[in-house]
Amino acid sequence: LLQVLGLKITPLQPVSFKNATDEEFASAGLIAFQLVFETGCFIERMNDEQTTALLKMGLDYYLKPGDGVNDGQDVVVLPPLP
């Protein structure tokens with residue numbers, strides 16, 4: 001956790017927030033919210049040899065610190081250099 005691998009990653013920032021309560025939640029007296037966050041980093045241009053080593057990145061999201069449960073995943077595929 002909290003490994004940045006030497007990248008200058010911008011802090012996680014909220015982008016949008018909306019009420020996502022459906023009828024089932026409302027009837028149970030619950031409220032659900034949908035939050036969208038964004039972050040990013042710049043990756044310097046690499047030479048051809050480096051590019052072949054980094055074409056795909058897997059991201060795992062852990063929402064509860066210490067529980068070891070992967071709450072979500074993304075795969076980012078980088079386009080080859082022209």
Side-chain angles (χ1 to χ4, degrees):
L1 290 175
L2 302 177
Q3 294 179 349
V4 296
L5 305 175
L7 300 172
K8 294 179 182 177
I9 299 173
T10 58
L12 197 61
Q13 295 290 321
V15 175
S16 66
F17 173 89
K18 75 175 189 177
N19 186 336
T21 307
D22 61 15
E23 288 182 30
E24 183 180 346
F25 273 50
S27 65
L30 300 172
I31 299 173
F33 294 102
Q34 178 181 355
L35 288 88
V36 176
F37 294 90
E38 71 179 11
T39 186
C41 70
F42 290 98
I43 300 174
E44 293 180 19
R45 181 175 276 267
M46 301 176 196
N47 63 35
D48 289 340
E49 182 179 319
Q50 292 171 316
T51 303
T52 58
L54 180 61
L55 295 176
K56 190 187 309 186
M57 290 184 281
L59 304 171
D60 295 329
Y61 305 102
Y62 298 88
L63 302 180
K64 292 183 182 177
D67 74 353
V69 175
N70 180 343
D71 298 298
Q73 295 178 323
D74 279 315
V75 174
V76 178
V77 178
L78 301 176
L81 292 174

Original post:
Any idea which heavy atoms bring Asp22 and Phe25 closest together, and the distance?
Top reply: OD1-N, 2.8 Å
**OP:** Hydrophobic side-chain clustering at under 4.5 Å (ILVMFWY, transitive links): who's grouped with Val69? Put none if nobody.
**Re:** none
Subject >> Contact check, side chains of Thr21 and Leu30, non-hydrogen atoms, under 4.5 Å >> reply: no
Original post:
Are the side chains of Ile9 and Thr39 in touch, meaning some heavy atoms are under 4.5 Å apart?
Top reply: yes
Original post:
Atom CG of Asp74 and atom CG of Leu59: how far apart are they, to the nearest 0.5 Å?
Top reply: 6.0 Å
Original post:
Going by side-chain heavy atoms closer than 4.5 Å, which hydrophobic residues are tied to Phe17, directly or by a chain of links?
Top reply: Leu12, Ile31, Phe33, Leu35, Phe37
Subject >> Separation of Gln13 CD from Glu38 CD (nearest 0.5 Å) >> reply: 8.0 Å
Original post:
Which heavy-atom pair separates Cys41 from Lys8 by the least distance, and what is that distance?
Top reply: CB-O, 3.6 Å
